[in-house]
Amino acid sequence: MSEPKSDFLRDILARGFMHQCTDLDALDAAAAKGVVTAYIGYDCTGPSLHVGHMVSIMMLRRMQQTGHKPIVLMGGGTTKVGDPSGKDEARQLLSDEQIAANMASIRASFENYLTFGDGPNDAVMVNNDDWLSTLAYIPFLRDFGRHFSVNRMLSMDSVKLRLEREQPLSFLEFNYMILQAYDFVELHRRYGCILQMGGSDQWGNIVNGVDLGRRVADAQLFGLTTPLITTASGAKMGKTASGAVWLNPDMRSPWDYWQFWRNTEDADVGRFLRLFTDLPLDEVARLERLEGAEINEAKKILANEVTALCHGRAAAQEAAETARKTFEEGTTGDALPVTQIAAPRLAEGILLYEAMREAGLAASNGEARRLIKGGGARVNDTAISDEAHKVTSADLGGDGTVKLSAGKKRHALLRAV
């Protein structure tokens with residue numbers, strides 16, 4: 001297409017958010033003419049979203065910043081079914097109580113990125129259980145199921161890949177794409193929503209919703225997807241040795257979150273600054289031109305800006321100061337994660353590999369032992385390679401803590417209580 005007329009599409013194209021769109025020119029015209037209402041759905045399968053969701057969250061933020069209205073659709077209903085996209089097996093079915101608890105925990109994440117309210121471009125958060133739980137089976141099949149071809153549904157990647165791998169696909173999961181399409185129609189009816197956005201793995205489901213809206217409501221709806229984000233080395237975004245990089249601070253401390261971004265690969269710095277921060281594009285261009293040791297300054301800015309969005313500016317500054325003290329002064333800072341250990345237990349001595357697991361520096365005792373054996377473990381900055389080494393109260397510093405390190409960049413404190 002030519003130069004976009006709308007600020008929204010101009011911004012997301014320049015920042016690298018665009019993968020596919022059902023009708024880019026028509027969507028651009030609508031966004032240039034007035035306020036576009038758009039949604040992204042999030043199922044409540046866990047108590048927190050993670051870094052893998054950040055592209056979609058920032059897309060909603062870009063919408064609001066350019067004058068449009070975002071809808072955060074919480075999948076209280078669809079979580080009961082389970083999206084088969086990208087999965088080799090069915091999700092574990094959750095109780096209504098678990099879904100409600102997860103939804104309440106996830107809600108807080110969005111408060112840091114979007115402004116909610118009653119204004120024309122204020123964000124709203126809705127729950128698809130409000131309409132899905134009231135559907136009558138036979139009327140729903142007659143009114144909506146007849147618009148879906150099983151042949152076409154079987155060709156969708158979310159279904160086809162499972163069948164090709166000879167992994168079971170339940171009839172419950174098979175219905176997910178119909179329910180997601182119905183969500184789009186319902187949001188159009190209730191809120192005038194004309195755009196559904198999501199990751200590239202959702203393209204088939206989104207197109208189904210666009211088509212259903214045309215068939216049952218004579219509505220011109222649009223779909224837009226973002227690319228799958230991988231690191232320069234090919235790893236899936238947000239996956240680390242210690243597990244997913246969660247957004248909730250009780251599941252991933254601001255310090256660990258800051259460190260994740262600080263450790264970005266050199267080749268990813270510019271791309272991540274465009275996607276995950278509000279920095280002007282000319283400033284991003286300047287930072288990504290830095291080379292050698294100077295690129296580390298760009299990484300610190302990336303970590304500061306992304307952490308400030310997720311956890312607040314004060315938490316980002318505290319993490320940055322802790323990093324400076326830890327890596328430049330050789331001391332410790334207030335933001336290092338702290339694990340409390342009973343003083344009598346520490347007096348007896350704790351096997352280092354157990355201490356590292358408990359401190360969150362390894363996912364298991366086996367992983368911690370391999371780290372120690374490979375020379376990657378340190379106690380108070382002293383390398384330890386003996387798997388049988390114990391951490392004792394003799395290791396406590398003047399502040400009552402022991403510093404544990406996994407490699408050069410991951411640190412934690414044990415505090416005797």
Side-chain angles (χ1 to χ4, degrees), residues 48 240-263 296 299-300 303-304 307-308 310-417:
S48 173
T240 68
S242 58
V245 181
W246 303 105
L247 303 188
N248 285 22
D250 58 336
M251 296 182 66
R252 185 91 177 191
S253 72
W255 158 256
D256 282 336
Y257 191 76
W258 189 94
Q259 275 291 103
F260 170 79
W261 294 100
R262 168 62 182 82
N263 294 333
N296 289 325
K299 293 181 183 182
K300 291 176 186 177
N304 288 342
T307 304
C310 188
H311 297 295
R313 184 64 63 180
Q317 291 172 345
E318 184 181 20
E321 179 62 12
T322 292
R324 188 185 67 79
K325 289 181 178 179
T326 303
F327 301 119
E328 296 176 17
E329 296 181 4
T331 59
T332 59
D334 296 335
L336 283 182
V338 178
T339 299
Q340 295 186 340
I341 300 291
R345 184 179 171 212
L346 193 61
E348 293 177 6
I350 307 170
L351 286 165
L352 177 57
Y353 63 80
E354 291 183 351
M356 296 192 73
R357 175 184 55 78
E358 292 181 32
L361 296 175
S364 65
N365 286 344
E367 181 183 316
R369 293 175 84 153
R370 288 190 293 273
L371 186 68
I372 296 167
K373 196 172 180 179
R378 292 177 179 268
V379 177
N380 293 330
D381 297 321
T382 298
I384 305 294
S385 57
D386 180 6
E387 294 179 61
H389 182 86
K390 288 189 175 183
V391 181
T392 71
S393 51
D395 295 309
L396 291 171
D399 60 353
T401 66
V402 182
K403 180 183 174 185
L404 303 182
S405 304
K408 296 180 179 180
K409 297 179 179 179
R410 297 175 56 222
H411 309 275
L413 301 177
L414 298 182
R415 173 168 286 131
V417 292

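- Listed here is the closest heavy atom pair of M356 and A406: CE-CB, 4.0 Å.
- Here the side chain of T401 pairs no donor or acceptor atom with the backbone of L413 at under 3.5 angstrom.
- When all heavy atoms of S405 and H411 are compared, the closest pair comes out as OG-ND1, 2.7 Å.
- Taking a cutoff of 4.0 Å between a charged side-chain nitrogen and a carboxylate oxygen, R357 and E354 do not qualify as a salt bridge.
- With rounding to the nearest 0.5 Å, the separation of CD in E358 from OG1 in T339 is 7.5 Å.
- The backbone N or O of Q259 sits less than 3.5 Å from a side-chain atom of N263, completing a donor-acceptor pair.
- Considering every non-hydrogen atom in both T322 and W255, the closest pair reads CG2-CZ3, 3.6 Å.
- In this model, no donor atom of one side chain and acceptor atom of the other lie less than 3.5 Å apart for N304 and W261.
- Scanning for side chain to side chain donor-acceptor pair (under 3.5 Å) contacts around N296 gives an empty result, with sequence neighbours left out.
- Distance check: T307 OG1 to Q317 CD gives 11.5 Å after rounding to the nearest 0.5 Å.
- Distance check, rounded to the nearest 0.5 Å: CG of L351 to CG of D386 gives 9.5 Å.
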Using side chain to side chain contact (heavy atoms under 4.5 Å, CB included), reason through D256 and V245 one step at a time and then give a plain yes or no. CA-CA 9 Å; D256 282 336; V245 181; over 6 Å; no
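- Closest approach of Y257 and W246 over heavy atoms only: CD1-O, 3.9 Å.
- Of all heavy-atom pairs between Y353 and A368, the closest is O-CB, 3.4 Å.
- Side-chain atoms of L404 and L352, non-hydrogen and from C-beta on, do get closer than 4.5 Å to each other.
- Here D395 contributes atom CG and L414 contributes atom CG; the two are 9.5 Å apart, rounded to the nearest 0.5 Å.
- For the atom pair OG of S253 and CG of N248, the computed distance is 12.5 Å after rounding to the nearest 0.5 Å.
- Nearest heavy atom pair, residue M251 against residue S48, reads SD-CB, 3.4 Å.
- Within the model, atoms CG of N365 and CZ of R370 stand 10.5 Å from one another, a figure rounded to the nearest 0.5 Å.
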